[in-house]
Amino acid sequence: MSALHSPELPRRGNLSRSEHICKQIIAAILRGEWGENRKLPTEVELAQRYEASRTTVREALSRLRSEGIVVSRRGSGNYVQRLPVLQSSAPAQIASIHDVERYYAFRECVEVGAAGIAASAREDDDLALMRNCLQALRRAQLNGQTGVDEDLALHMAIARATRNPFFISTIEHALGPIRQCMELAQNLGSPQEAERIQIIDDEHQAIIDAIAAGSAPRAEAAMRAHIGHARQRIFEGG
């Protein structure tokens with residue numbers, strides 16, 4: 001019996017069939033099969049892939065559209081509008097100076113590794129996104145803004161370049177404490193603001209250049225230096 005005419009698989013746990021397909025599509029997006037602004041397969045192709053009826057697939061796509069993950073373009077099909085956020089317990093927050101130390105130890109392990117993998121796994125659109133994020137960060141800072149959101153977007157772009165959903169979700173859920181530390185570093189920063197901004201910009205550029213060159217050792221070293229200097233900016237006011 002062909003996949004197109006196979007009976008639908010039973011529910012798994014408490015999930016309906018359409019909910020299960022919805023989760024499978026999300027997993028495929030996080031694996032990098034369909035990136036942001038990429039077109040999804042047609043309803044017929046998805047029905048064949050997941051051995052489901054077109055009605056069930058349509059229900060799953062409707063749910064993804066309602067969550068803003070997928071957008072329908074008239075006459076063209078369904079496209080990935082944004083990467084999904086995996087549901088989990090609330091991320092840990094920084095509540096003490098000891099938490100700051102623990103945070104930087106965690107960040108060095110995860111983000112240094114992510115930078116190295118990104119150097120091997122990145123594609124051209126990943127590099128374009130990183131560079132766009134860095135340009136947005138520069139514009140924000142030139143306009144007198146903190147640039148924290150743009151900085152976070154750059155680090156997420158590096159995580160996504162790993163094409164590894166575990167790095168992506170881990171770093172995505174660490175954005176809260178990353179934001180806390182960025183804001184703390186700005187509050188404790190030295191009065192030489194323009195010079196300090198240029199130093200951080202150079203650190204980001206070094207990471208992107210190493211990833212673009214496909215050098216995992218250079219990317220890891222650049223990210224390790226950036227995180228180490230970020231820690232110093234908090235504890236030493238540099």
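Being a predicted model, the structure only gives us computed values, none of them experimental.
- Both M156 and L127 sit in one connected hydrophobic cluster of ILVMFWY residues. Membership requires side-chain heavy atoms under 4.5 Å apart, directly or through other members.
- Between I158 and A115, the shortest heavy-atom distance links the atoms CG2-CA, 4.3 Å.
- Every residue two or more places apart in sequence or in another chain that forms a salt bridge (Lys or Arg N to Asp or Glu O under 4.0 Å) with R160 is listed here: E36.
- Of all heavy-atom pairs between A219 and A119, the closest is CB-CB, 4.1 Å.
- Applying the side chain to side chain donor-acceptor pair (under 3.5 Å) criterion to S18, with sequence neighbours excluded, gives S16.
- Across all their heavy atoms, G147 and A140 have their closest contact at CA-CB, 4.0 Å.
- Listed by first and then second residue, the ring pair (Phe, Tyr, Trp, His ring centres under 6.0 Å) pairs involving residues 105-146 amount to none (not counting sequence neighbours).
- Among residues two or more places apart in sequence or in another chain, the side chain to side chain donor-acceptor pair (under 3.5 Å) test is passed with T42 by E45.
- Counting side-chain heavy-atom gaps under 4.5 Å among Ile, Leu, Val, Met, Phe, Trp and Tyr, the cluster of Y79 also holds V71.
- Applying the side chain to side chain donor-acceptor pair (under 3.5 Å) rule to N78 yields the partners R65; only residues at least two apart in sequence or on another chain are considered.
- Residues F167 and L175 fall within the same hydrophobic cluster, defined by Ile, Leu, Val, Met, Phe, Trp and Tyr side chains chained together at heavy-atom separations under 4.5 Å.
- Between I211 and R122, the closest heavy-atom pair is O-NE, 2.8 Å.
- Residues passing the side chain to side chain donor-acceptor pair (under 3.5 Å) test with R107, sequence neighbours excluded: Y103, E111, H155.
- Both V80 and Y50 are part of a single hydrophobic cluster, where members link through side-chain heavy atoms under 4.5 Å apart.
- L152 and I178 get closest at one heavy-atom pair: CD2-CG2, 3.3 Å.
- Under 4.0 Å is where a charged nitrogen must lie from a carboxylate oxygen, and between K39 and E33 no such pair does.
- Under the side chain to side chain donor-acceptor pair (under 3.5 Å) criterion, the residue pairs touching residues 207-219 are Q205-D209, with sequence neighbours excluded.
- Looking at residues two or more places apart in sequence or on another chain, you find a side chain to side chain contact (heavy atoms under 4.5 Å, CB included) between A206 and A222.
- Residues W34 and L40 come closest through the heavy atom pair CE3-CD2, 3.4 Å.
- In the hydrophobic cluster analysis, where Ile, Leu, Val, Met, Phe, Trp and Tyr join through side-chain heavy atoms closer than 4.5 angstrom, L154 is grouped apart from I200.
- Sequence neighbours left out, the pairs with a member in residues 126-135 that pass side chain to side chain donor-acceptor pair (under 3.5 Å) are D126-R163.
- For residues 132-152, the set of pairs meeting the salt bridge (Lys or Arg N to Asp or Glu O under 4.0 Å) definition, not counting sequence neighbours, comprises R138-D201, D149-R179.
- The salt bridge (Lys or Arg N to Asp or Glu O under 4.0 Å) check on E203 picks up R233, with sequence neighbours excluded.
- Within the 3.5 Å criterion, the main-chain N or O of Q145 finds no donor-acceptor partner in the side chain of N143.
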